[in-house]
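Small disclaimer: the values here were computed from a predicted structure and weren't measured. So that the names make sense, note that chain A is the first sequence line, chain B the second, and so on, each numbered from 1.
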Protein chains: 2
Amino acid sequence: MNTPMQQRSVTRSMALVRELVRTYQAFEQLSSSRIRSHGLTPPQFDVIATLGNTAGMSCKELSSRTLITKGTLTGVLDRLLDKGLISRRVDANDRRSLFVALTSEGDSVFRATFPDVTGHCDGAFAALSDEELKQITATLAGLRLAITAKLEP
Amino acid sequence: MNTPMQQRSVTRSMALVRELVRTYQAFEQLSSSRIRSHGLTPPQFDVIATLGNTAGMSCKELSSRTLITKGTLTGVLDRLLDKGLISRRVDANDRRSLFVALTSEGDSVFRATFPDVTGHCDGAFAALSDEELKQITATLAGLRLAITAKLEP
DNA sequence: TATTGTTATACTCTATAACTATA
DNA sequence: TATAGTTATAGAGTATAACAATA
């Protein structure tokens, strides 16, 4: 009633935010150990997973999808290049741009790791029906859109 | 129908996992810029937020709540100590253990940053009713429990 | 002039494991 | 012997900003 506006507002989303963070952290903990067992770091896996099932993309697009800033991305790509998992070549149309794609070995790693990482969640979600999974996914998507809208302006 | 078991299973949770990661990343992006504007890193904020509204706790407990491993935690606490935001003193009962708590300056920082960070989500969630917020929070909690159960054994 | 990506710098976090001191 | 934390080491990610090449 006479709780300050700011205070009430904060209380409203606090529980949700905390729970989102905790849920993600739990997932992170589960997936990170799986990722490392394949000899990758989480950011490296992020790149592999983003490139998987695509023809490839520019560093700019890869950066915006993974949320890894361009300066950092160069280093991450260097290490994946050393491992032979990606190729990086100049775009013929715009020679400022680099086209990054999985090599066939990178694709093998993608096919081995991605199902393994997500697959470890399936046991956890076994109790949920397809309908419930769909529902939760939609809820999260809505949440994400709300946050993204707040980010852009 | 004749899709392999593993394949079907992966497909089931893949969309949900991707959406959870993306939603969290969007939140991370929003909160991280707020956190840094207060002169903290995300792990440092994590510690401040965990200590906030408590009397303090051991490094062990802090480590298990933040998911920061003990070796890393020492460094993070060192930096917060340098900033004068926490105190670290030997526990009288068990002299192997350290009791970590916010200083009054740390508490001020907590009170300034925590509402600011979570508050930036309130605009995003303004369209949701209290009931919906509650519902989504409960859904996430269920998801987390499912993942945590998978982690422990 | 603007954009794409690299390089340079300095710092923080991370995993891992050996170590100290208490219990 | 086991536990709480620190220290040591090496690597990886991060922010930031200056830079080169191309548009």
**Student:** To the nearest Å, how far apart are B:L81 CG and D:dG5 P?
**Tutor:**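 After rounding, the reported distance stands at 15 Å.
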**Student:** Pick from B:T50, B:V47, B:I86: which one makes a side-chain contact (heavy atoms from CB on, under 4.5 Å) with B:V100?
**Tutor:**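 Result: among B:T50, B:V47, B:I86, B:I86 is the only option passing the side-chain contact (heavy atoms from CB on, under 4.5 Å) with B:V100.
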**Student:** Between D:dG13 atom P and A:D46 atom CG, what is the distance in whole Å?
**Tutor:**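 Rounded to whole Å, this separation is 11 Å.
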**Student:** Identify all pairs in which a protein N or O lies below 3.5 Å from an N or O of nucleotides 14-21 of chain D, and state each distance.
**Tutor:**
unit_1 : atom_1 : unit_2 : atom_2 : d
D:dA15 : OP2    : A:T69  : OG1    : 3.2

**Student:** Does A:S63 reach a base, just sugar-phosphate, or nothing at all? Heavy atoms under 4.0 Å.
**Tutor:**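 No contact.
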**Student:** Would you say D:dG5 has OP1 or OP2 under 4.0 Å from some side-chain N or O of B:S97?
**Tutor:**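 For B:S97, the contact criterion (side-chain N or O under 4.0 Å from OP1 or OP2 of D:dG5) is met.
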**Student:** On DNA chain C, compare the nucleotides closest to A:D78 and B:A92; which residue's is nearer the 5' end?
**Tutor:**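 Going by which nucleotide is closer to the 5' end, it is A:D78.
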**Student:** Only counting residues at least two apart or in another chain, list the ones meeting ring-ring contact (aromatic ring centres under 6.0 Å, His included) with A:F45.
**Tutor:**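 Per chain and number, A:F45 pairs via ring-ring contact (aromatic ring centres under 6.0 Å, His included) with no residue.
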**Student:** If I take atom CG in residue B:D94 and atom P in nucleotide C:dT22, what distance separates them, rounded to the nearest angstrom?
**Tutor:**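 So the two atoms are 10 Å apart, to the nearest Å.
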**Student:** Verify the contact: side-chain N or O of A:T41 to OP1 or OP2 of D:dG13, cut-off strictly under 4.0 Å; return yes or no.
**Tutor:**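 Checking A:T41 against D:dG13: at least one side-chain N or O falls below 4.0 Å of OP1 or OP2.
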**Student:** Can you give me the closest heavy-atom contact between A:C59 and A:L77, atom names plus distance?
**Tutor:**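 Looking at all heavy atoms of both residues, the closest pair is SG-CD1, 3.8 Å.
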**Student:** In whole angstroms, how far is the P atom of C:dC13 from the CD atom of B:E28?
**Tutor:**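 Whole-Å distance recorded here is 13 Å.
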**Student:** Round to the nearest Å and state the distance from A:M57 atom CE to C:dG5 atom P.
**Tutor:**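 Atom-to-atom, A:M57 to C:dG5, this comes out as 12 Å.
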